[in-house]
Amino acid sequence: MDRFAWTSGLLELGETLVVQQRGVRLCDGEEKVKFDSGVLLLSTHRLIWRDQKNHECCIAIPLSQIVFIEEQAAGIGKSAKIVVHLHPASSNKEPGPFHSSKYSYIKLSFKEHGQIEFYRRLSEEMTQRRWENMPAGQTIQVNKDPRAGRIRAVGIVGIERKLEEKRKETDKNISEAKEMVELSKSIANKIKEKQGDITEDETIRFKSYLLSMGIANPVTRETYGSGTHYHMQLAKQLAGILQTPLEERGGIMSLTEVYCLVNRARGLELLSPEDLVNACKMLESLKLPLRLRIFDSGVMVIELQSHNEEEMVASALETVSEKGSLTADEFAKLVGMSVLLAKERLLLAEKMGHLCRDDSVEGLRFYPNLFLTQS
């Protein structure tokens, strides 16, 4: 922690903000310090930490002081962390919160997730070393202490080890990708072979195969952090996986059905109802092909942007006219949708004046509005 210096938190000339994350605690090695909950900002030149409550409490460390970084997985009751190994503090360093430290590393504890994305962006900055492109008058001096060479050697070994691990992980992913490609080709060939002769049971079985694969890379808080950015990415992914099921169900699904379908596809990365609603509220503003609709009763549904309300009401009127009268249960069985959506469709037709109701002890029954069809 003795490498940190007090700062105003403002970006300097030529410095660009890369990413930021709330709810980050700083640790001096293995020891907790008073910097408990703040916003961690990564720029092209520095790591900046600002207290969430007291914005005047702001400290920074230049990226040139970092030897290498590594990830530390979350545990029971423990947040995921990024361990940042540092060069020794330079003699001409600006004043900071600590004069000395017995540790040569700090830990960034992510209490609100987002560590995966932050680690990726920090790794990119360490590789690109954009701070070296600053004008000479603004460069931050790097420690020239002879001991730094020894530590740097350890850092290079650590980096080489990390690169080797990444290479093995990449080879493994390529192998799994080949298996997935072979599987998809196999399913595609089976469909082609049975084209025109495929039964309904086989179609359902093929769909279950595809559904069991789930979402290959589900959007999570660990990847995108919390807040608007997470919900925007989640909305885009929802649009991708819901369009086909919506088209098969007549262009509309209740939010409950959507919740079950999405979590079935996400596997272990389950989505909370609150996150689903927040993501769905962004569908229309992001100009995606879906939108969230809330009926007068408070029922929430997801529907295609192309979903035509007048056609939906006309279809309901035609079905009720053919049968003389229908309850929501009877209508749901005829059109193949949930009772909840069937009732909302009938109520909408009633609101537009095409149907009228008989609410008795036997339940709610809808009839064609003869005042519109007969004089």
Testing the basics here: between L271 and Y259, what is the closest heavy-atom pair and its distance to 0.1 Å? O-CE1, 3.1 Å

Here the pair of heavy atoms bringing A235 nearest to M282 is CB-CB, 4.3 Å

Report yes or no: do I48 and L26 belong to one cluster of Ile/Leu/Val/Met/Phe/Trp/Tyr joined by side chain heavy-atom distances under 4.5 Å? no

Separation between OG (S306) and CZ (R291), nearest 0.5 Å, reads 8.0 Å

Is any side-chain heavy atom of N278 less than 4.5 Å from a side-chain heavy atom of L234? no

Check: Q65 side chain, P62 main-chain N or O, donor-acceptor pair, under 3.5 Å: no

Starting from M300, can I reach L290 by hopping between I/L/V/M/F/W/Y residues whose side chains sit under 4.5 Å apart? yes

Heavy-atom closest pair (M126 atom, R129 atom, distance to 0.1 Å) is O-CG, 3.2 Å

Could you walk me through whether E125 and R121 pass the salt bridge (charged side-chain N to carboxylate O under 4.0 Å, His left out) test, one step at a time? CA-CA 6 Å; E125 292 304 316; R121 303 298 288 272; 6.0 Å; no

Test side-chain contact (heavy atoms from CB on, under 4.5 Å) on K287 and Q305; report intermediate values, then the result. CA-CA 9 Å; K287 301 189 185 316; Q305 292 281 9; over 6 Å; no

I'd like to know if L340 and M337 are part of one continuous hydrophobic network [Ile/Leu/Val/Met/Phe/Trp/Tyr, side-chain heavy atoms within less than 4.5 Å]. yes

Nearest 0.5 angstrom please: L41 CG to Q21 CD, how far? 10.5 Å

Indicate yes or no: at least one non-hydrogen side-chain atom of K78 is less than 4.5 angstrom from one of Q72. no

Min side-chain heavy-atom separation V84-I61 under 4.5 Å: no

Cluster link Y119 to V83, ILVMFWY, side chain under 4.5 Å: no

For residues W6 and C57, determine if any side-chain heavy atom of one lies less than 4.5 Å from a side-chain heavy atom of the other. yes

Using modelled atom types and a 3.5 Å cut-off, is there a donor and acceptor pairing between side-chain atoms of K53 and backbone atoms of D51? no

Just wondering, do L347 and F295 contact through their side chains at under 4.5 Å, heavy atoms? no

Between atom CD of E303 and atom CG of L283, what is the distance when rounded to the nearest 0.5 Å? 11.0 Å

Criterion side chain to side chain donor-acceptor pair (under 3.5 Å) against S43, the qualifying member of E15, E12, Q20: E15

R345 and A316: which non-hydrogen atoms are nearest, and at how many Å? CG-CB, 4.0 Å

Just wondering, are more than 12 heavy atoms of other shown residues or ligands nearer than 6.0 Å to CD in E94? no

Parallel, tilted or perpendicular: ring planes of Y105 versus H85, cut at 30 and 60 degrees: tilted

Treating W49 as the side-chain partner and V24 as the backbone partner, does any N or O pair qualify as donor plus acceptor under 3.5 Å? yes

Show the numbers, then the answer: is there a side-chain contact (heavy atoms from CB on, under 4.5 Å) between L355 and V320? CA-CA 9 Å; L355 298 177; V320 174; 3.9 Å; yes

In the single-linkage hydrophobic clustering (I, L, V, M, F, W, Y; side-chain heavy atoms under 4.5 Å), do I302 and L304 co-cluster? yes

Closest heavy-atom contact between C356 and P368? SG-O, 3.8 Å

Checking the side chain of S315 only, and the main-chain atoms of M312 only, is there a donor and an acceptor separated by less than 3.5 Å? no

To the nearest 0.5 angstrom, please state how far the CG atom of L348 sits from the CG atom of L341. 12.0 Å

Are D275 and H231 close enough, and set up right, to give a side-chain contact (heavy atoms from CB on, under 4.5 Å), and what steps lead you there? CA-CA 7 Å; D275 285 335; H231 292 129; 3.1 Å; yes

Can you tell if the side chain of L246 reaches within under 4.5 Å of the side chain of V258, non-hydrogen atoms only? no

Considering all heavy atoms, the nearest C280-L292 contact: O-CB, 3.6 Å

Starting from the C-alpha separation in whole Å, work towards a yes-or-no answer on side-chain hydrogen bond (donor to acceptor under 3.5 Å, both in side chains) for R46 and T7. CA-CA 11 Å; R46 296 179 295 169; T7 180; 3.3 Å; yes

Hey, is CG on D359 packed in by over 12 heavy atoms from elsewhere, all under 6.0 Å? yes

N/O donor-acceptor pair under 3.5 Å between D358 side chain and R365 backbone: no

Let's go through K81 and R25 carefully: what are the C-alpha distance in whole Å and the side-chain angles of both, what is the deciding distance for side-chain contact (heavy atoms from CB on, under 4.5 Å) to 0.1 Å, and is it a yes or a no? CA-CA 9 Å; K81 297 176 179 65; R25 167 191 285 166; over 6 Å; no

Spatial distance of atom CD (E344) from atom CG (L346) [nearest 0.5 Å]: 9.5 Å

Would the number of heavy atoms belonging to other residues, nucleotides or ligands and lying under 6.0 Å from NZ of K343 be above 12? no

State, yes or no, whether a side-chain contact exists between L47 and I66 at a heavy-atom distance under 4.5 Å. yes

Can you tell me if K111 has over 12 outside heavy atoms packed within less than 6.0 Å of its NZ? yes

Kindly indicate, with the supporting measurements, whether the criterion salt bridge (charged side-chain N to carboxylate O under 4.0 Å, His left out) is fulfilled by K323 and E330. CA-CA 10 Å; K323 298 296 180 180; E330 293 168 346; over 6 Å; no

Once rounded to the nearest 0.5 Å, what's the spacing between atom CD1 of I59 and atom CZ of R50? 11.5 Å

Beyond-backbone contact of M232 with S285, side-chain heavy atoms, under 4.5 angstrom: no

Under a 3.5 Å distance rule, please check whether T44 uses its side chain to pair with a backbone N or O of T16 as donor and acceptor. yes

